[in-house]
Structure formats: C-alpha cells, structure tokens
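Worksheet: the structure to be examined is printed underneath.
Chain letters run A, B, ... following the sequence lines, proteins first and then strands; every chain starts at 1. Scope of the values below: all heavy atoms of this structure, side chains included, with no hydrogens, waters or symmetry mates. Bear in mind that the values here come from a model prediction, so they are computed numbers and not experimental data.
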Number of protein chains: 2
Amino acid sequence: MNGRSAKRLARLQETLSGGGTIHLSEAAKLCGVSEMTIRRDVAASNGAMTFLGGRLVMADNPLFAPVYDLDEQQGSHYLAKHRLCKGAASFIAEGDTLFIDCGTTLMPLLGMLGDFQSITVVTYALNVANAVSGLPNVRLVLLGGLYHDVSQTFADDAMGDAIRRLGINRAFLSAAGVHAERGVSCFHFHEVAPKQAAIASAAQRLLVVDESKLGAIRPAYFARLSDFDVVITENDAKLASAEGEPGPRIVAA
Amino acid sequence: MNGRSAKRLARLQETLSGGGTIHLSEAAKLCGVSEMTIRRDVAASNGAMTFLGGRLVMADNPLFAPVYDLDEQQGSHYLAKHRLCKGAASFIAEGDTLFIDCGTTLMPLLGMLGDFQSITVVTYALNVANAVSGLPNVRLVLLGGLYHDVSQTFADDAMGDAIRRLGINRAFLSAAGVHAERGVSCFHFHEVAPKQAAIASAAQRLLVVDESKLGAIRPAYFARLSDFDVVITENDAKLASAEGEPGPRIVAA
DNA sequence: CAATAAATGTTAGAAAAATCACATTGCATG
DNA sequence: CATGCAATGTGATTTTTCTAACATTTATTG
C-alpha cells in the first residue's frame with residue numbers, strides 16, 4: 001500500500017464511518033480514479049474494507065457479518081439459539097418491560113418481539129440496542145456509560161441505580177458458565193453489576209443458556225442458580241440434579 | 001404476499017435481527033425452498049429486506065444506507081459536510097474529550113479521529129456511537145436513556161448531570177437553524193437538554209453548520225450564537241453581520 | 001534526462017447474480 | 001375428483017461483478 005492509496009482509503013473510510021455503503025463506481029468518482037484502482041486499494045487494505053456485491057462496506061460493520069453458515073457447524077449452533085429464544089419468547093406478555101442481556105444468545109429473541117403491540121426493552125449492550133432500534137413497536141432504553149469492545153456493552157457506576165429505578169417485569173439473562181454448586185458466571189467483570197441489578201429488581205428472572213455453558217465456571221461470578229425463576233436450556237436433565245430443593249423451573253427448548 | 005411467504009420472511013427477519021447477512025443459497029436452505037422463491041419473498045417484502053450482492057440484509061437497519069450518490073445533488077452536500085468536518089478536526093488536540101452532537105453533519109469527523117492516539121468521545125446519538133465503537137484508539141461514552149427514532153438519540157432526565165460530571169474539552173454541536181437574533185435551534189425538544197449541558201460544561205464550544213442552516217429558525221431553541229467560541233461554516237460572510245461585538249470566531253471551511 | 005520501477009488505466013474474459021419465461025406442484029372449490 | 005388458480009421450481013438469458021493480463025502513465029533515481 002502506497003501513500004496515495006492510503007489517502008484514498010482514509011477518504012473512503014471517513015465516508016463510511018457512519019455506516020452505510022457506496023457503490024464501487026461512486027467510490028471511484030469520489031476519489032477521481034478508476035474502479036480498478038479502488039479495487040486494488042481495498043484488496044491492499046488488509047481487511048479493513050470489503051466489497052459486497054459491488055458496494056464498498058467497512059468490514060467491521062456488524063450488519064454485514066455473515067450470521068449463518070450451513071456448511072459450518074455454527075449453523076446448528078445458531079439453530080439452537082433460535083429454539084432457546086422461541087422458548088424464552090413464550091414467557092413474554094403484552095406490555096412487558098424486558099431486560100435483555102448482552103451476548104449473541106438472546107439476539108434471535110429480539111426479532112420475535114415484532115409479534116407484540118407494545119414492549120419496552122432495557123439493555124446495556126450496543127448490539128441489542130441496534131437490533132431493537134429498528135422495531136417500531138418496541139420502546140428502547142439503553143443504559144449508557146463507558147463502552148467495552150469485548151462485550152459490546154456499556155458500564156457505569158450509576159447503572160445499578162438506573163436499573164432499579166425502572167419497572168422491569170422480566171429479565172432475560174445470558175451466561176458463559178452455569179455450575180450447580182459454583183453458580184452462574186460470565187467472562188467480564190464489568191457485566192456483573194448490571195446483571196445483578198437486573199436480577200435484584202426484576203419481577204421474573206430467566207436464564208437462557210445453550211448446552212455448551214452447562215458445567216462451566218467463568219471468571220466473573222454473578223448469581224446463584226436459585227436466584228433465577230426459570231432456566232431455559234436444551235437439555236433439562238443436566239440441571240435436574242437437585243430435585244426437590246427450592247430452585248428455578250428448568251425448561252427444555 | 002401470502003401466508004407462507006410471510007412466515008419465511010419472518011423467519012429470515014429473526015435470523016437477521018441481530019445484524020448480519022445470509023447468502024441467498026443459505027436462506028433458501030434454511031427455509032426449505034428454492035432461491036427464486038426467496039427472491040420473490042424479498043421482492044414482496046416492501047423494502048423490509050434487500051439483496052446486496054447475493055446476500056440478504058435488513059434494509060431498515062440504521063447501519064445500512066447508501067450514504068453517497070453522485071447522481072443526486074446530495075453528493076455535493078456530503079462533500080460540504082466533509083469539508084466542514086475537516087475544518088472542525090483541526091481544533092482537536094491529542095488526548096481530548098469531545099462531545100459529539102447528533103445528526104449527520106458531524107459523521108465525517110468521526111472517521112478523522114483515527115489520526116489521533118487517544119481521544120474520548122461523549123455522545124447521546126446511536127449513529128455516532130456505532131461509528132465510534134469501531135475505532136480502536138477512541139474511548140466511547142454513550143449517554144443512555146429512552147431512544148428517539150426521529151433523531152437516533154437517547155434522552156434522560158439525568159443526562160445533564162451526567163454530562164456535567166465529565167470533563168469535556170471540546171463540544172462539537174450541530175444545529176438545524178442559526179439566526180443572528182433568534183439564536184441557534186433544532187427540530188426536537190429532547191435534544192435541548194444534552195446540548196445545553198454540553199455547552200455549559202465544555203471548555204470550548206464549536207458549532208458546525210452547513211450554509212443551508214443559516215438564517216433558519218427551528219422549533220427547539222437551545223443557545224445564543226454568542227454562547228459558542230467557534231462557528232465553522234462554509235460562508236463566513238453570512239454571519240459576519242455583528243462585527244466588533246463580542247461573539248464567536250467565524251471560520252470558513 | 002534516460003532508465004527503471006511503481007501506480008494506474010483499459011480491455012477481455014470468467015464467474016456470479018438478477019431477471020424472465022414457462023413448467024410443475026399443491027391447494028381450494030364446485 | 002376434476003378444474004382453476006396461486007405458489008413454487010427449473011432452466012435460459014441478460015446483466016453485473018470480479019479477475020487477470022497487458023498497456024499507459026507517473027514517479028524515482030543515478
């Protein structure tokens with residue numbers, strides 16, 4: 001990559017910084033070079049930008065990441081999350097205020113909210129906010145703060161208070177580890193405070209986890225299993241160890 | 001559009017609710033129909049989804065929108081904003097904490113932040129947050145609250161206090177109307193509080209407006225012109241009426 | 001200022017995607 | 001159960017995008 005090429009690339013990057021696409025032909029006109037040169041620039045950009053059907057997009061734009069690939073085993077993994085969320089959605093009632101946790105597990109749930117007339121979603125995750133912002137029937141409350149790239153979430157000292165001030169009917173939580181004795185945990189410590197505040201203030205607490213999380217222990221502990229009213233997972237047998245004891249209702253989806 | 005078609009469409013919409021794309025062939029496999037049927041479904045979806053180079057994307061996602069079209073006069077409009085932001089960027093110093101206002105005017109500025117080592121961006125706009133979240137050298141603080149679709153911003157009673165607690169070096173404000181006597185205004189009342197808080201607490205206040213806004217008066221007044229230290233616009237002559245009086249420095253870009 | 005290398009432009013051909021026309025299937029109705 | 005209609009599938013055609021090869025221009029260096 002040479003100097004002028006880098007300059008063009010920077011120009012295009014600025015143009016696309018707010019999201020969106022430009023057609024190859026327009027990018028070429030904008031930079032005053034041929035389409036082939038733009039192609040070569042992009043090829044040399046080391047993955048910062050890519051083409052999608054003749055249009056130029058920032059590669060890190062979450063909108064353009066392929067979500068689904070039948071050839072990979074990831075496909076069935078997605079299907080599992082879809083099933084889990086189908087089960088989770090059956091708990092939602094018209095007019096609910098929902099807390100939606102971060103991660104990818106609960107993303108399919110958001111698409112299912114279109115079936116309701118009036119729902120309010122409370123979240124501290126950017127990807128969740130983006131998905132919900134497009135739904136006309138869903139009110140969105142985003143809990144702001146300092147952005148953490150690793151989890152696409154915001155964190156703030158005052159977030160716990162902010163959550164407690166909201167009237168949350170149902171809190172849908174995700175986790176990276178669920179252990180019968182060692183409780184429920186995630187990877188990042190900055191997620192603990194909002195999760196605990198949601199658990200503390202919601203009328204109903206639902207944990208949605210796929211099978212791969214069962215038995216795992218992750219660095220950031222945030223709740224006991226018995227703190228939840230419902231656990232939605234694929235294999236209810238794996239969690240049915242403490243029969244009879246007071247604990248969450250285990251639902252297989 | 002018939003019942004089964006709507007069902008397939010809903011299925012695909014759920015799949016893409018979290019952003020991302022699927023290839024036509026995978027969408028077809030997922031729904032158990034031919035690629036042609038998916039094409040027909042999408043064509044009948046009334047613009048909810050579109051194809052981008054053989055891949056299916058949600059069209060209503062704020063991150064997706066062709067930003068640039070040379071054939072429209074919008075193109076030159078974009079170029080103007082780019083020039084304005086180039087001028088605005090020259091005020092930024094290494095290590096600054098910047099308040100970035102909502103709207104599209106300041107979007108090109110965000111791409112220019114890649115030149116710095118360490119910048120903090122404070123905003124209450126979702127589109128700004130999305131653009132900044134991809135920049136590795138920029139810390140992002142998003143001011144949360146209830147989401148307003150019309151301006152892609154969040155609003156909250158406590159936002160003013162949150163802004164005043166932050167140490168903002170430079171506040172970059174946009175506006176929909178700038179009038180010598182009637183001051184600076186925007187369309188939406190929920191934007192007034194954060195704008196005023198930013199003006200009140202920032203060390204330097206910069207107004208960035210293209211020529212089309214000069215002379216206009218909009219419903220929501222939020223500041224006098226003299227509240228700003230710098231006004232960056234295309235035509236400095238139009239604002240130079242009150243020479244000699246105490247007022248902002250007018251910069252043509 | 002020639003010689004060389006790098007960058008860019010032009011064209012042709014291959015691959016992929018979009019469109020179209022028509023065949024086939026499945027469903028509802030008399 | 002035959003009939004008609006809507007939905008879907010299939011293959012041919014057109015258009016667009018991608019790639020590669022070679023020509024031309026621009027910069028660099030001794």
Side-chain angles (χ1 to χ4, degrees), chain A residues 1-16 19-61 63-72 75, chain B residues 1-16 19-61 63-72 75:
Chain A
M1 178 164 44
N2 77 81
R4 248 166 307 180
S5 169
K7 217 165 184 175
R8 283 192 300 268
L9 230 31
R11 176 88 185 269
L12 293 172
Q13 233 155 306
E14 283 169 20
T15 305
L16 296 180
T21 68
I22 24 173
H23 194 99
L24 175 58
S25 61
E26 284 161 0
K29 279 192 235 166
L30 181 65
C31 297
V33 293
S34 73
E35 299 188 2
M36 197 60 224
T37 299
I38 299 290
R39 279 188 190 280
R40 281 192 267 246
D41 288 347
V42 170
S45 80
N46 218 266
M49 291 179 162
T50 42
F51 278 103
L52 217 61
R55 259 164 268 252
L56 198 51
V57 302
M58 294 296 294
D60 65 356
N61 189 326
L63 179 56
F64 298 110
V67 283
Y68 194 88
D69 205 335
L70 270 186
D71 301 333
E72 324 278 325
Chain B
M1 179 161 44
N2 77 80
R4 249 167 305 180
S5 169
K7 217 166 184 178
R8 284 192 300 268
L9 232 31
R11 177 86 186 270
L12 294 171
Q13 231 155 310
E14 280 170 22
T15 305
L16 296 180
T21 67
I22 26 173
H23 194 99
L24 177 57
S25 62
E26 283 161 359
K29 278 192 238 167
L30 182 64
C31 296
V33 294
S34 72
E35 300 189 0
M36 194 63 222
T37 299
I38 300 289
R39 279 188 192 281
R40 283 192 265 246
D41 288 346
V42 170
S45 81
N46 217 267
M49 292 179 160
T50 42
F51 278 104
L52 214 59
R55 260 164 270 252
L56 198 51
V57 304
M58 295 295 296
D60 66 349
N61 196 303
L63 294 178
F64 168 82
V67 281
Y68 194 88
D69 203 337
L70 268 186
D71 301 334
E72 324 278 324

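Counting only heavy atoms from C-beta outward, the side chains of A:Val57 and A:Ile22 never approach each other to under 4.5 Å. Side-chain contact between A:Thr21 and A:Phe51 is absent, with no heavy-atom pair separated by less than 4.5 Å. Side-chain contact check for B:Met58 versus B:Thr50: every heavy-atom pair is 4.5 Å or farther apart. By the 4.5 Å heavy-atom criterion applied to side chains, B:Val33 and B:Arg8 are counted as neighbours.
The side-chain hydrogen bond (donor to acceptor under 3.5 Å, both in side chains) check on B:Ser34 picks up B:Thr37, with sequence neighbours excluded.
Rounded to whole Å, atom C1' of D:dT16 lies 13 Å from atom CG of B:Leu52. Rounded to an integer number of Å, the gap from CZ of A:Phe51 to C1' of D:dC18 is 10 Å.
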Collect all protein-nucleotide pairs involving nucleotides 10-17 of chain C in which both atoms are nitrogen or oxygen and the distance is under 3.5 Å.
none

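Each end of the helix from C:dC1-D:dG30 to C:dG30-D:dC1 gets its own axis, taken as the rotation carrying the C1' atoms of four end pairs onto the next four within a five-pair window, and the two axes meet at 30° to the nearest 10 degrees.
Taking CZ of A:Arg39 as the start and CG of A:Leu56 as the end, the distance is 10.0 Å to the nearest 0.5 Å. Taken to the nearest 0.5 Å, the CE atom of B:Met36 stands 9.5 Å off from the CG atom of B:Leu24.
The two residues B:Leu9 and B:Val42 come nearest to each other via the heavy atoms CD1-N, 4.3 Å.
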